[in-house]
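The block underneath contains the structure these notes are about, expressed in structure tokens.
Both backbone and side-chain heavy atoms feed into the values below; hydrogens, waters and symmetry mates do not. Along the sequence shown, residues are numbered consecutively beginning with 1.
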Amino acid sequence: MGAEECCDDHMEVSISDSLAFREVQRVLQSVRMDPFLIDLRDKDEYDYLLLAVDPTRKRDLDEEAMLVAAVADQYLRECLQMLVNNFAPPRPLVPTTEQPRWLARKKEIYYQLHESLKMISDTVPLAARILKDIINRSMPKLFDTKAKMVSFVECMLGLDTERLGDLIGSTLLEKVVDLLTELDVNITWEDILQEEHSKGIFEMELEDLDDDEDNLGQEGTKALFGGNVFADKLDGLMVVVCEHLKSCDRDRLFKEYCILKTIFQKAVLKVHKSKFAQFIMFYACSLDPEICGVDFALFLTDIFTKEEDDAIARMSAVSYVGSYLARARFISADTVVAVLKRLVEWCDSYCKLKRDPLKPIDHQIFYASCQAVMYVLCFRLRSIMDYPNLKSQLFQMPIESILMDRLEPLKVCLPSIVNEFLRQARAARLFNAPVDLPLEDIVESDLSKAFGGANRLDMFFPFDPYLLRESDRYIRPNFEFWSLVQTTYSNNSDDDEELGDLDAPGMNVDSLDDHIEIDFKDDDDIEYSMNKMSITPHRSFHPMAMSSGSGLSMPARIRPSVSPPS
């Protein structure tokens, strides 16, 4: 229908929809420049348009009817596209968007865009579906600037509230996670290992907390990764997404978590080159540990135990749950024990099938689950021992019989994890069987490589320490660093006093002699200091670092999980 314009003589003049649309478009384009260059007549017309669509202004019935019918269907897409185009600032204004005087203005613009889109979606049923398609087509690309990415995503996530969020929220989050993952996989380990290596900025945990000049040693590591263009963009986007989750009330957070969980299983779980994007799940869970935090652990465990799922998904899931339980401070000890019980029960059932040893890759899911159990206990065994009921549950699990099975998981799993587990388990009297492991001083072995397969899932620790500098503040308070873990053998001179109450029911204390024999090349290479020991394999075992001349000693620092070769 034609729009009506009121003249000075109060006579109504009808103009066509196309002419009205072109005039609105002209006015909007004319004000997309430096404020000092805008023609005053265009500024007046722009102010009039804002007044016309002001959602806070009360209107009579005639005005409401005119507003609802103001845009014909053929112009709906163009109107929505114009609004979405303003999610990011015009190119000339990009350098100034972070200046303090622009921050308040940015929030005002976002608010106006959000209210306009919400009003359109409320009055035009077709609008939400078209808006989803427009946002999908308008998403920032890999090589767009950081400012454009951050501004667009920040404005876009502002739509993920109330009714409009219920209509398009899943699409918004899916597009954001896709962008995060795309940036993430383009950060190669070659970048991490080579960039400013002489300055040691990629060291994941401090070798000596006394040398921490930045006073970050209290948390055990630094946020070290900077200077890489993809990492810088990803870092900024992680801040935006974390702020969005932080702003949600509890009910909205749970809805967002459920959407993210579905996206995670579909788009992140089996992307083994992802190093940081998965921490969105970690942060969401930290905001609601009792519901989201516990549910995520059970969700991953369910994927692992489902026989119908493919092997890669199941191995990825058990690697995730092992890393998650080890690193998430907000997960209680009773949840850890409950999940360990399910993993151990699955392993026990697997052993009882009397399978032939064959090749490690033929039993890769079994080895992955055994490794996850040992990895979790390296971090959480001491804390579990503080609760008599949980300690009793743990000691009733057939962990020792599984690890001594004919499939020999102690010889196949990563030696670095096996060694640390055995040391703590012996000190806690959880493991007492005589073991003869002729292992050299190595972090990985041919057998562990074999069960890891082409994706090297034997070395997949998805929640290794977080390296992005700006967004690190959201992860750090809830992250368990190895340098702060209390082990069962801490303060060895006081072991007898500290661990005197750790006797398992029915355990033969006299049998705790040194039956576990591990042949190391040099005992001095194995550093078990709480501040220097690392569970996660050292970066020198990354394929690109093998030729660096680094020694193959037990690492004193944690480094990122090894991604599969390109």
Side-chain angles (χ1 to χ4, degrees), residues 264-265 268-270 272 274-275 278-279 281-282 285 293-306 309 311-333 335-348 350 363-384 394 397 399 402-403 409-410 412-422 424-425 443-444 448 451-453 455-466 479-482 485 534-537 558 560-563:
F264 169 84
Q265 184 174 7
V268 180
L269 178 63
K270 295 194 289 186
H272 305 120
S274 177
K275 298 160 284 293
Q278 58 264 32
F279 276 90
M281 293 302 302
F282 188 97
C285 292
V294 172
D295 181 80
F296 188 56
L298 299 179
F299 164 73
L300 293 169
T301 307
D302 288 342
I303 295 175
F304 163 69
T305 56
K306 287 182 180 177
D309 283 350
I312 298 301
R314 296 175 66 192
M315 287 185 68
S316 299
V318 79
S319 296
Y320 260 101
V321 77
S323 189
Y324 177 66
L325 294 179
R327 296 294 191 171
R329 286 182 178 176
F330 50 86
I331 295 298
S332 63
T335 299
V336 172
V337 171
V339 174
L340 285 177
K341 185 173 185 292
R342 289 186 62 185
L343 298 183
V344 171
E345 286 176 348
W346 184 91
C347 292
D348 188 45
Y350 192 91
H363 306 288
Q364 58 182 172
I365 298 178
F366 170 74
Y367 293 126
S369 57
C370 289
Q371 181 163 293
V373 169
M374 289 188 285
Y375 186 73
V376 172
L377 289 174
C378 287
F379 281 81
R380 305 298 295 259
L381 181 55
R382 178 61 180 265
S383 63
I384 292 172
L394 182 65
M397 298 180 195
I399 294 177
I402 291 170
L403 297 180
L410 292 178
V412 177
C413 294
L414 287 176
S416 55
I417 294 177
V418 171
N419 294 340
E420 174 64 16
F421 166 78
L422 288 178
Q424 290 208 43
V443 175
E444 62 183 1
S448 69
F451 101 74
N455 290 312
R456 291 309 310 276
L457 293 182
D458 59 311
M459 301 184 74
F460 183 50
F461 302 91
F463 291 120
D464 262 2
Y466 190 77
F479 189 86
E480 187 67 76
F481 295 97
W482 174 252
V485 170
S534 170
I535 290 295
T536 309
I558 289 182
S561 302
V562 172
S563 297

Whether Y324 and F296 hold their rings parallel, tilted or perpendicular, with breakpoints at 30° and 60°: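 Aromatic pair Y324/F296 classed perpendicular.
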- request: Give me the ring orientation class for W482 and F379: parallel if the planes are under 30° apart, tilted from 30 to 60°, perpendicular past 60°.
  value: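 Perpendicular: the ring planes of W482 and F379 meet at over 60°.
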Given side chains that start at C-beta, do those of [X] and [Y] come closer than 4.5 Å, heavy atoms only?
X: I399; Y: L394; answer: yes
X: V318; Y: I365; answer: no
X: F366; Y: V412; answer: no

Quick check: closest heavy atoms across [X] and [Y], and the distance to 0.1 Å?
X: T301; Y: L343; result: CG2-CD2, 4.3 Å
X: L325; Y: R380; result: O-NH1, 2.9 Å
X: H272; Y: S316; result: NE2-OG, 2.6 Å
X: V339; Y: A297; result: CG2-CB, 4.2 Å
X: I402; Y: P409; result: O-CG, 3.6 Å
X: C378; Y: V485; result: O-CG1, 3.9 Å

Measure the spacing between [atom1] of [X] and [atom2] of [Y] and express it to the nearest 0.5 Å.
X: S383; Y: L377; atom1: OG; atom2: CG; result: 9.5 Å
X: I417; Y: F461; atom1: CD1; atom2: CZ; result: 3.5 Å
X: L414; Y: N419; atom1: CG; atom2: CG; result: 10.5 Å
X: M374; Y: L422; atom1: CE; atom2: CG; result: 7.5 Å
X: R327; Y: F481; atom1: CZ; atom2: CZ; result: 8.0 Å
X: C285; Y: D295; atom1: SG; atom2: CG; result: 8.0 Å

query: Is there a donor-acceptor contact under 3.5 Å from the side chain of Q364 to the main chain of M315?
result: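 Absent.
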- request: I would like to know whether F264 and L300 meet side chain to side chain contact (heavy atoms under 4.5 Å, CB included); could you show each step before the answer?
  value: CA-CA 11 Å; F264 169 84; L300 293 169; 3.8 Å; yes
message: What verdict does the side chain to side chain contact (heavy atoms under 4.5 Å, CB included) test give for W346 and F304, after you've listed the backbone C-alpha separation in whole Å, the side-chain angles of each residue and the deciding distance to 0.1 Å?
response: CA-CA 10 Å; W346 184 91; F304 163 69; 3.5 Å; yes
message: Run V321 and I303 through side chain to side chain contact (heavy atoms under 4.5 Å, CB included) and show every step you take.
response: CA-CA 10 Å; V321 77; I303 295 175; over 6 Å; no
query: Looking at the rings of Y320 and F282, which for Trp means the six-membered one, are their centres under 6.0 Å apart?
result: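 No, too far apart.
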- request: Walk me through it: do D348 and K341 pass the test salt bridge (Lys or Arg N to Asp or Glu O under 4.0 Å)?
  value: CA-CA 10 Å; D348 188 45; K341 185 173 185 292; over 6 Å; no
query: Does the side chain to side chain contact (heavy atoms under 4.5 Å, CB included) test come out yes or no for H363 and Y350, once each step is laid out?
result: CA-CA 10 Å; H363 306 288; Y350 192 91; 2.7 Å; yes
